[in-house]
Amino acid sequence: MRLAGPYWAGPDKWRVRGMLGLLVALTLLQVVSPILINLWSANLFNALEQRSMDRFLVQIGALVIILVFAMAVTAVHLVIKRRVQVGWRDWLTRRLLDDWLADGRHYQVTHIPGEHDNPDGRIAEDVRNATEAAIDLAHSLVYCVLLLVSFTQILWTLSGVIQVPLFGTEFDVPGHMVFVSLFYASAGTTAAVLIGRPLVGAVNLRQTKEANFRFGLVRVRESSESIALLDGEPEEQRRLAEMFKGVVHAFDIQTNALARVFLFSSGYAVLATGFPILITAPRYIAGAITLGALMQIAQAFQQMTSALSWPVDNLSKAAEWKASVERVMALHNAIETLKGDIACMPDSRICVGPSDKPVLAFRDLTIANADGTTVVSRFEAEIQQGERVLISGDPGGALKLFKVVAGLWPWGRGHIELPGDGAISFVPERPYLPIGSLRSTLRYPSDRDVFAEATVLKAMQKVGLGHLTHRLMDVGNWEQVLTLGEQQRIGFARLLLHRPDWIFLDEATDCLEEKAEQELMSLLIAELPNATILTVGYNQGLEQFHHRKLVLEASGHGPAFIRETSLVRTSERRRKMGALDLRHWLIHPLRRATEKPKNGSRD
């Protein structure tokens, strides 16, 4: 109710409640069908007992009318029920997706403890089961309650009054079959609940193992190239086989639990068919009731015990529903816990917020692992607009610093002040390439085609992807099609298209040759001369493109910023040395040709 209940009171509540009201009304009409069949059965058997052909033909016509009515109600009820189910699932899925994908929580939640693995399976499969099964169970429960009320009255009337001798006195007992039905169903329900109690745990275990196996298969598919290059198929086969053994083991546990439940419920259902006839037959033999009344009592008893046996009949489905609800709630609770855990608290969490100045500032920043272990301690720095800063040293500290600025890593303490204006763009080592057309991949994360085709083609040519321009509208899984170097060029093409003011590069050129790396960095500076660039990289050749270098080096308290190097003079000196070398190469031969040899000889 806490997670999914607001759907019924949301902005679209009147349409949703109207659909629900129509569903209840159709359920009422569904109950009319067994009542009509019960009355028809009594008339049919009475006609057979009297050997009346006319009454028999009338019952055939009545059955046709009841059949058409039942078919129409059932079909309309199914359509309305499925619309309610998919509407609720759509709302809950979007709510979970919005929470999961907001502010990097889909990444952060993987670093906190708890039973919330495989969020994709929980959102796709468990939400579906939780909503659809909830409607199915609620409908069957309402139907059984209405059936119970209706047939209790019918069975009470048909049972009449019997005399029961007790302590030498005969007592009149009205509606005795109602009490027999209550006792029969209560005993069966109690036994079924006790027998089926282990089923909930078994279902939850199986769903977890199935989700783990699906995730393993997805990982193999996504990493198929790497696995093939490393000849890792035998290891993957072994690992997946072990995971599937877990699936089989969980399946066997569920099978044993189901076998006990079905062993009881099948016998219970068979006994319910003949039990009322055996109880009522003496009254028919004695001539107290007609054959039609006998069959009507038997059917009413079956309908009443069927209604009372709702827990028995739905135990397996209820167990699956409960397991799915628990898995959905586990993910939801983990996200809610994460919200509180990463909230801005300067003494125990990193606070990232905008500044009123065009400056990126790190104030007394300490970065820690999720378990509290310090990674970077007491980091202080300011980066002005237009500066280009290279960050290197300890890889773990540099990478986490990148994530902190992106708002993905809240563990630690201190402040980060982001520039107050200007667009920010992060380019990771492996740019995300969604499945779709190459053009949509290039414009990502923009959801609309805002770039002219000529602009896109020009950007591709500049970053060295001109050989792919003819495939701009091709659709595919580009992570499997493009090389790692081409994927990193995609990241630079996005920068040329979106033209951000602040650019963060996380080893975004490590798959390129040194010449290609220098060409792309030169291109980026030429195209976006006023952009601030922060680069996490370890190639010394990157120094010539940056003004400053921040080095994170290990210390006794974990990696820490302890050294800053100015790269402006170094870059200028390298350019001057390059010019001198070129001048020396061009001028020196000419000078040698015109100078006289010191020994007076002619050369």
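On a predicted model such as this, the values are computed, not experimentally measured, just so you know. Worth knowing before you read on, the calculation uses all heavy atoms, side chains too, and leaves out hydrogens, waters and symmetry mates.
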- Item | Minimum side-chain heavy-atom gap Val73-Ser33 below 4.5 Å | no
- Item | Atom OH of Tyr7: over 12 foreign heavy atoms under 6.0 Å | yes
- Query: Counting heavy atoms not belonging to Trp321, are there more than 12 under 6.0 Å from its CH2?
  - Reply: no
- Heavy atoms from other residues, nucleotides or ligands near NZ of Lys81 exceed 12 (cutoff 6.0 Å): yes
- Message: Under a 3.5 Å distance rule, please check whether Trp478 uses its side chain to pair with a backbone N or O of Gly436 as donor and acceptor.
- Response: yes
- Kindly give the heavy-atom pair with the smallest separation between Trp100 and Pro119, and that separation in Å. CZ2-CG, 3.7 Å
- Item | Leu263 side, atom CG; Leu258 side, atom CG - distance, nearest 0.5 Å | 12.0 Å
- Flag, side chain of Thr131 to backbone of Arg128, donor-acceptor distance under 3.5 Å: yes
- Query: Tell me, do Phe301 and Val178 make a side-chain contact under 4.5 Å, heavy atoms counted?
  - Reply: no
- So does Asp98 pair up with Arg95, basic N to acidic O under 4.0 Å? no
- Item | Min side-chain heavy-atom separation His249-Lys245 under 4.5 Å | no
- Non-hydrogen atoms of Met473 and Ser437 that approach each other most closely: O-CB, 4.0 Å
- Message: For a 4.5 angstrom cut-off between non-hydrogen side-chain atoms, does Leu182 reach Met304?
- Response: yes
- Message: Restricting to ring-ring contact (aromatic ring centres under 6.0 Å, His included), what partner residues turn up for Trp8, sequence neighbours left out?
- Response: Trp88
- Item | Spacing of OH belonging to Tyr184 relative to CG belonging to Leu308, to within rounding of 0.5 Å | 11.5 Å
- Query: Any side-chain donor paired with an acceptor under 3.5 Å for Thr208 and Arg327?
  - Reply: yes
- Query: Does a side-chain N-to-carboxylate-O contact under 4.0 Å join Glu210 and Arg206?
  - Reply: yes
- Query: Do Ile350 and Arg413 have side chains that get closer than 4.5 Å, going by heavy atoms?
  - Reply: no
- Could you tell me which non-hydrogen atom of Leu240 sits nearest to which non-hydrogen atom of Gly216, and how far apart they are? CD2-C, 3.8 Å
- Message: Run Thr74 and Leu78 through side chain to side chain contact (heavy atoms under 4.5 Å, CB included) and show every step you take.
- Response: CA-CA 6 Å; Thr74 301; Leu78 177 65; 5.6 Å; no
- Message: If you apply the rule side chain to side chain contact (heavy atoms under 4.5 Å, CB included), what do you find for Leu438 with Asp474, and how did you get there?
- Response: CA-CA 6 Å; Leu438 182 58; Asp474 289 0; 5.7 Å; no
Name each donor-acceptor pair under 3.5 Å that joins a side chain in residues 52-66 to protein atoms two or more places apart or in another chain, with its distance.
{"from": "Ser52", "atom 1": "OG", "to": "Arg55", "atom 2": "N", "distance (Å)": "3.4"}
{"from": "Arg55", "atom 1": "NH1", "to": "Gln50", "atom 2": "OE1", "distance (Å)": "2.5"}
{"from": "Gln59", "atom 1": "OE1", "to": "Trp40", "atom 2": "NE1", "distance (Å)": "3.4"}

- Could you tell me the separation between the CG atom of Asn43 and the CG atom of Leu39, rounded to the nearest 0.5 Å? 7.0 Å
- Item | Reported CD1-to-OG1 distance for the pair Ile435 and Thr441, which is rounded to 0.5 angstrom | 9.5 Å
- Item | Met19 atom CE, neighbour heavy-atom count above 12 within 6.0 Å | yes
- For Phe69, the ring-ring contact (aromatic ring centres under 6.0 Å, His included) test, sequence neighbours excluded, returns none
- Heavy atoms only: give me the nearest Ala130-Ser324 pair and the separation to one decimal. N-CB, 4.2 Å
- Item | Ser150 (side chain) donor-acceptor with Leu146 (main chain) under 3.5 angstrom | yes
- Closest non-hydrogen atom pair, Ala318 against Leu137: CA-CD1, 4.0 Å
- Spell out, as yes or no, whether a donor-acceptor pair under 3.5 Å connects the side chain of Thr190 to the backbone of Ala187. no
- Item | Gln480 side, atom CD; Leu433 side, atom CG - distance, nearest 0.5 Å | 10.5 Å
- Task: Answer yes or no: does atom CD of Glu233 have more than 12 heavy-atom neighbours from other residues, nucleotides or ligands under 6.0 Å?
- Result: yes
- Query: Are there more than 12 heavy atoms of other residues, nucleotides or ligands under 6.0 Å from atom CZ of Arg219?
  - Reply: no
- By side chain to side chain donor-acceptor pair (under 3.5 Å), which residues pair with Arg94, not counting sequence neighbours? Asp90
- Are side-chain heavy atoms of Asn477 and Val481 found at a separation under 4.5 Å? no
- Query: Closest approach of Thr93 and Ile123, non-hydrogen atoms and distance?
  - Reply: CG2-CG2, 4.0 Å
- Message: So that I can tick it off, tell me whether Arg238 and Glu235 are bridged by a salt bridge, with the cut-off set at under 4.0 angstrom between side-chain N and carboxylate O.
- Response: yes
- Task: Find the distance between CZ (Arg122) and CE (Met329) and round it off to the nearest 0.5 Å.
- Result: 12.0 Å
- Quick one: are Leu92 and Arg89 in side-chain contact, heavy atoms under 4.5 Å? no
- Residues pairing under ring pair (Phe, Tyr, Trp, His ring centres under 6.0 Å) where one sits in residues 120-155, two or more places apart or in two chains, turn out to be His77-His139
- Task: Answer yes or no: are there more than 12 heavy-atom neighbours, outside Arg82 itself, under 6.0 Å from its atom CZ?
- Result: no
- Message: According to side chain to side chain donor-acceptor pair (under 3.5 Å), who are the partners of Lys317, at least two apart in sequence or on a separate chain?
- Response: Asp136
- Do Met243 and Leu217 come within less than 4.5 Å of each other through their side chains, counting heavy atoms only? no
